[in-house]
Amino acid sequence: MLPVTSPSEFQWLQRGTQEIFPHVPDSHDPNEQLIARLQQCDRPLRIKLGIDPTGSDLHLGHSIPFRKLRAFQDAGHTAVVIIGDFTAQIGDPTGKSEVRRQLTPEQVKLNAQTYLDQLRPILDFDTPGRLEIRYNSEWLGQLDLKEILELLATMTVGQMLAKEGFAERYKKENPIYLHEFMYPLMQGYDSVAVQADVELGGTDQKFNLLVGRDLQRQFGQAPQFCLLLPLLLGFDGVNKMSKSLNNYVGLTEDALTMYSKLEKTPDALLRSYFELLTNTPLDQLPDDPRTAQKQLALDVVGQYHSPAAAQEAQTAAQALVQGNQASGDAVPEFSLATVEFPVKVFYLLSVTGLCKSSGEGRRQIQGGAVRLEGDRITDVNLEFATPQDLDGKVLQMGKKKFIRLVP
RNA sequence: GGGUCGAUGCCCGAGUGGUUAAUGGGGGCGGACUGUAAAUCCGCUGGCUACGCCUACGUUGGUUCAAAUCCAACUCGGCCCA
């Protein structure tokens, strides 16, 4: 037997990890203990992480398992990223209270590519042997009805209904379609197809990852380890980060947007954000929450842009907040060339995109949110006769939105 | 296949013939306060360059001076029976 490495060597594995199973802490059997397996393996392990190309934008919540995947890569293992191009057409029912719409193959393909681009800052794409990208249509598209029935025969309706999402929907008398039952089975079959040693996933994926183990056993393979990662809370501090709740930080957002969102991280979330989104040692976090917020924002923005860009974003954010809009090369410009004069201010708010509609513009003026060159506008029907009256002036909506009017 | 109930604004959810974009909550946006936050308080929350005009309560027709509210068919869904 190989000499036992000190557990501290596996801190990268434990950091931000919610649960690993199977996990028999006292065991030295590498099939029951991931650390034992990692110590004793004589080849790079195959670490599976699947992603459904259902939307085109990833956010920091998605980055959590990928960061863990990167840690495995750095430890010398092989990341197997599975693009669920086939499963995306079904839609993962996990955590959904309703059916997802099905995507066309074209949409799926497009989404897959943008996903990979967004993952570039996180994963090691360059070191040979560290990354494998597979599309699950490769094997799922080949299954015939007989094989599908065999897969279906491994699970009971009771087992499926025990799954959180289904149980809820069933209880609420919401529709559950039969094809949705295929989803966990297909994801599990992915593990068989790529011969995964370990699969990563969010805690909401527990059921699906377990199915992988069952199916691997069914197909005569050693069942994979499953490593569950916590779901990142969004910056509202209550719900998990998600696009639909609009509490997310997108991976492709520009440095300034990203920075301004992150520097507002609720105090209660700071520690977990540091743990999950950075490599900062947790015993070295600043005591002052405001300092910590800034450090966090700087670190994360630096990862997805560059440290220099992060620094710039910090300066810009500071200027913006101090109402120092005059310092603005950062202030976007809007040309009045296409606007017909005389023009009312609420209409202007709408065409510049500062407000969603002219009605909203009107309401925002009444609410005291609109300023021109720093002076609050109070007259809803205020209008300007000629472009010269507005030339070069800065129109402001709320605290954060500015636009400079140019000819 | 039969029976039965349901479909309301971003979401949930009142309203069941008659001023009025339609109670309330959530969310969102804005204002005050502040640490750029949280908590709290206040305002707004269909569209239109607007003292007015449109479009809205699953779809399409109908009854009526008048309908989200009544009727019919249709679409989608829940439950029960087969």
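Below, chain A is the first sequence line, B the second, and so on; all start at residue 1. Basis for what follows: all heavy atoms, side chains included, without hydrogens, waters or symmetry-related copies.
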Check every atom of [options] against the side chain of [X] and return the nucleotide holding the closest atom.
| X | options | answer |
| --- | --- | --- |
| A:Tyr347 | B:rC44, B:rG35, B:rU49 | B:rU49 |
| A:Lys399 | B:rG35, B:rG31, B:rC29 | B:rG31 |
| A:Ser357 | B:rG35, B:rC48, B:rC29 | B:rC48 |
| A:Ser358 | B:rA50, B:rG31, B:rC29 | B:rA50 |
| A:Lys344 | B:rU34, B:rU49, B:rG30 | B:rU49 |
| A:Ala369 | B:rC44, B:rG30, B:rU49 | B:rG30 |
| A:Arg376 | B:rG47, B:rG31, B:rA50 | B:rG31 |

Taking atom [atom1] in both [N] and [M], compute the distance separating them and give it to the nearest angstrom.
| N | M | atom1 | answer |
| --- | --- | --- | --- |
| B:rG18 | B:rC71 | P | 15 Å |
| B:rU59 | B:rA68 | C1' | 14 Å |
| B:rG58 | B:rG26 | P | 25 Å |
| B:rC65 | B:rU60 | P | 23 Å |
| B:rG13 | B:rU23 | C1' | 10 Å |
| B:rG15 | B:rC44 | P | 25 Å |
| B:rA32 | B:rA39 | C1' | 14 Å |
| B:rA37 | B:rG28 | P | 14 Å |

[X] [atom1] to [N] [atom2]: how many Å, rounded?
| X | N | atom1 | atom2 | value |
| --- | --- | --- | --- | --- |
| A:Asn381 | B:rA50 | CG | C1' | 8 Å |
| A:Glu180 | B:rG77 | CD | P | 12 Å |
| A:Leu349 | B:rC29 | CG | P | 17 Å |
| A:Asp288 | B:rG35 | CG | P | 12 Å |
| A:Gln364 | B:rU45 | CD | P | 11 Å |
| A:Arg363 | B:rA50 | CZ | P | 16 Å |
| A:Gln318 | B:rG35 | CD | P | 15 Å |
| A:Tyr273 | B:rA37 | OH | C1' | 13 Å |

Donor/acceptor link under 3.5 angstrom from A:Gln366 side chain onto base of B:rG43: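 Answer is no: no donor-acceptor pair is held.
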What I want to check is whether an N or O donor and acceptor connect the side chain of A:Asp267 with the base of B:rG35 at under 3.5 Å.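 Side chain to base: pair found, below 3.5 Å.
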Assess the side chains of [X] and [Y]: does a donor N or O sit below 3.5 Å from an acceptor N or O?
| X | Y | result |
| --- | --- | --- |
| A:Gln303 | A:Arg67 | yes |
| A:Asp124 | A:Thr127 | yes |
| A:Gln216 | A:Ser191 | no |
| A:Gln388 | A:Asp391 | no |

Protein-nucleotides 80-82 of chain B N/O pairs closer than 3.5 Å?
none

Just call it for [X]: base, sugar-phosphate, or nothing, with non-hydrogen atoms closer than 4.0 Å on any strand.
| X | answer |
| --- | --- |
| A:Lys261 | nothing |
| A:Gly368 | sugar-phosphate |
| A:Glu383 | nothing |

Any carboxylate oxygen within less than 4.0 angstrom of a Lys/Arg side-chain nitrogen, looking at [X] and [Y]?
| X | Y | value |
| --- | --- | --- |
| A:Arg37 | A:Glu32 | no |
| A:Arg271 | A:Glu275 | no |
| A:Arg46 | A:Glu132 | yes |
| A:Lys48 | A:Asp197 | no |

Using the purine O4'-C1'-N9-C4 or pyrimidine O4'-C1'-N1-C2 torsion, is B:rA21 syn (within 90° of 0) or anti?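 That one's anti.
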Taking the six-membered ring for Trp, are the ring centroids of [X] and [Y] within less than 6.0 Å of each other?
| X | Y | result |
| --- | --- | --- |
| A:Tyr248 | A:Phe235 | no |
| A:Phe72 | A:Trp12 | yes |
| A:Tyr189 | A:Phe219 | yes |

Any side-chain N or O of A:Arg362 under 4.0 Å from OP1/OP2 of B:rC29?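 Answer no for this pair, as no side-chain N or O of A:Arg362 is under 4.0 Å from OP1 or OP2.
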Answer yes or no: does a side-chain N or O of A:Tyr170 lie under 4.0 Å from OP1 or OP2 of B:rC79?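 No, outside the criterion.
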Please round to the nearest 0.5 Å and tell me the distance separating atom CD of A:Gln224 and atom CZ of A:Arg217.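 Between atom CD of A:Gln224 and atom CZ of A:Arg217 there are 10.5 Å.
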How does RNA chain B read in dot-bracket, base by base from 5' to 3', with Watson-Crick or G-U pairs under 3.5 Å and | used when the partner is on another strand? (((((((..(((.....[.....)))((((((.......))))))(((...)))...(((((..]....)))))))))))).
Please figure out whether A:Pro289 or A:Ser350 has its closest RNA chain B nucleotide nearer the 5' end.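 Closest to the 5' end, via its nearest nucleotide, is A:Pro289.
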Mapping A:Glu360 and A:Arg371 onto RNA chain B by nearest heavy atom, which one lands closer to the 5' end?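 That would be A:Glu360.
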